[in-house]
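Have a look at the structure below before the remarks.
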Amino acid sequence: MSGSDAETYSYLGPAGTFTWAALGQVPGAAGKPWRSVNNVGEALDDVVSGRSVAAMIAIENSIEGGVSATQDALASIPNLRILGEYLVPVQFVLVARPGTALADVRVVSAHPVAYAQCRLWLERALPGHGHIPSPSNVAAPRDLLESDVADAAVAPPGITDHFPLEVLAEGIGDNPNAVTRFVLVSRTAPVPARTGSDKTSVIAELPSDEPGSLLEMLEQFATRGVNMSLIESRPIGDALGRYRFVIDLDGHILDERVADALLGLKRFSPNVVFLGSYPRADNHRIEVSERYGDDSFLDARDWLRGLISGEPS
Ligand SMILES: O=C(O)C(=O)C[C@]1(C(=O)O)C=C[C@@H](O)C=C1
């Protein structure tokens with residue numbers, strides 16, 4: 001690995017994508033080399049191989065839910081860590097080569113997650129149109145200038161500053177408040193310090209064929225007062241009906257209640273992937289009742305030690 005590779009950040013490009021905007025929020029990435037890649041797999045491959053120090057990847061959209069390619073890659077590639085999360089509001093425009101009218105559009109090129117977020121508008125405005133999937137929201141409009149397989153493309157606002165295209169319609173997203181959550185991922189690294197507004201991400205499998213095992217997994221968190229802000233299932237892929245769970249917890253691995261819940265999860269689950277504890281993008285402070293605060297866990301442990309050593313209880 002050369003010195004400059006160790007400073008490179010990978011992102012889904014070209015410049016102007018929402019992923020690029022998310023990377024722009026990372027103070028440490030300013031002034032460092034950025035590498036544009038074509039998909040999440042390539043971005044994480046850069047991290048694993050050491051070609052890049054970190055990669056920005058989309059993980060969740062407020063309309064479409066979890067980005068499955070990202071969740072599956074994080075579950076299967078070992079030794080990755082999430083360093084931080086970043087939120088980007090996502091709005092879309094429809095663009096075309098100059099001279100194209102909305103009535104001329106038969107085929108629309110779009111990133112699949114972007115297409116899903118504009119589906120209602122597209123069905124209404126362009127009934128019967130075809131969809132060509134594109135690697136990103138900037139690749140779609142850029143490729144309109146290189147090939148005529150699509151008549152129009154879904155793109156981020158401001159795209160016409162970069163390419164000689166015309167806007168056919170603005171605000172085509174079905175939900176004007178849509179937000180995508182991105183995570184910055186590196187190779188395994190020590191967890192950052194607690195901020196009091198933290199999130200912990202894990203992926204866990206259930207022991208197979210045991211009744212009540214999902215409930216038992218959820219109890220690991222419930223009995224320690226740990227709130228889950230996300231739980232989604234994804235197929236493991238080895239047989240029908242086998243799923244893993246992608247889970248975000250309120251709190252940091254250095255919070256006693258979270259650490260205790262993770263120990264319970266580790267004892268219970270045949271496969272736990274710890275993805276990291278990192279500051280929340282919304283700065284929301286996690287409040288827990290006294291019963292689940294650090295002191296409560298430490299006092300209980302002291303009490304146990306005292307019992308063992310024969311102190312009066
Ligand atoms: O194409 C882009 O602009 C991206 O950054 C990718 C991506 C995604 O992968 O979900 C990001 C945000 C939008 O929700 C749609 C597409």
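Both counts, for ligands and for their atoms, begin at 1 and track the order of listing.
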Just which atoms of ligand 1 are under 4.0 Å from any heavy atom in Asn137? 1 (O), 2 (C), 3 (O), 4 (C), 15 (C), 16 (C)
Check: Gln117 N/O within less than 3.5 Å of ligand 1 N/O: yes
If I take atom OG1 from residue Thr8 and atom CG from residue Asp46, how far apart are they, to the nearest 0.5 angstrom? 8.5 Å
Heavy-atom nearest neighbour in the protein, as seen from atom 12 (C) of ligand 1, with distance rounded to 0.1 Å: Thr180 OG1, 3.5 Å
In terms of atom number and element, which parts of ligand 1 are under 4.0 angstrom from non-hydrogen atoms of Phe18? 2 (C), 3 (O), 5 (O), 12 (C), 13 (C)
Measure the acute angle between the ring planes of His131 and Tyr115, then classify it against the limits of 30° and 60° as parallel, tilted or perpendicular. parallel
Out of all atoms in ligand 1, which are within 4.0 Å of some heavy atom of Asn61? Include the element for each. 14 (O)
With the side chain counted from C-beta on, respond yes when Thr200 and Asp198 share a heavy-atom pair under 4.5 Å apart, and no when they do not. no
Phe182 near ligand 1, heavy-atom distance under 4.0 Å? yes
Residue Thr17 vicinity, atoms of ligand 1 by number, heavy atom under 4.0 Å: 2 (C), 3 (O), 5 (O)
Under 4.0 Å between heavy atoms, the region of Leu12 that gets near ligand 1 turns out to be side chain
Looking at Thr19, which atoms of ligand 1 are within less than 4.0 Å of one of its heavy atoms? 4 (C), 5 (O), 6 (C)
Output the list of atoms in ligand 1 that are nearer than 4.0 Å to some heavy atom of Ala58, sorted by atom number. 8 (C), 9 (O), 10 (O)
So which heavy atom on Arg187 is nearest to which on Val48, and how close? CD-O, 4.0 Å
So Thr180 and Leu87, do their side chains get closer than 4.5 Å, heavy atoms only? no
Could you give the distance from CZ (Arg301) to OG (Ser296), rounded to the nearest 0.5 Å? 10.0 Å
Among all protein non-hydrogen atoms, which one is nearest to atom 7 (C) of ligand 1, and what is the separation to 0.1 Å? His111 CE1, 4.1 Å
Which of the atoms of ligand 1 are close to Ser136, meaning less than 4.0 Å from one of its heavy atoms? 1 (O)
Among the clusters formed by ILVMFWY side chains lying less than 4.5 Å apart, do Leu265 and Leu206 turn up in the same one? yes
Report yes if the side chains of His252 and Lys199 come closer than 4.5 Å at any heavy-atom pair, otherwise no. no
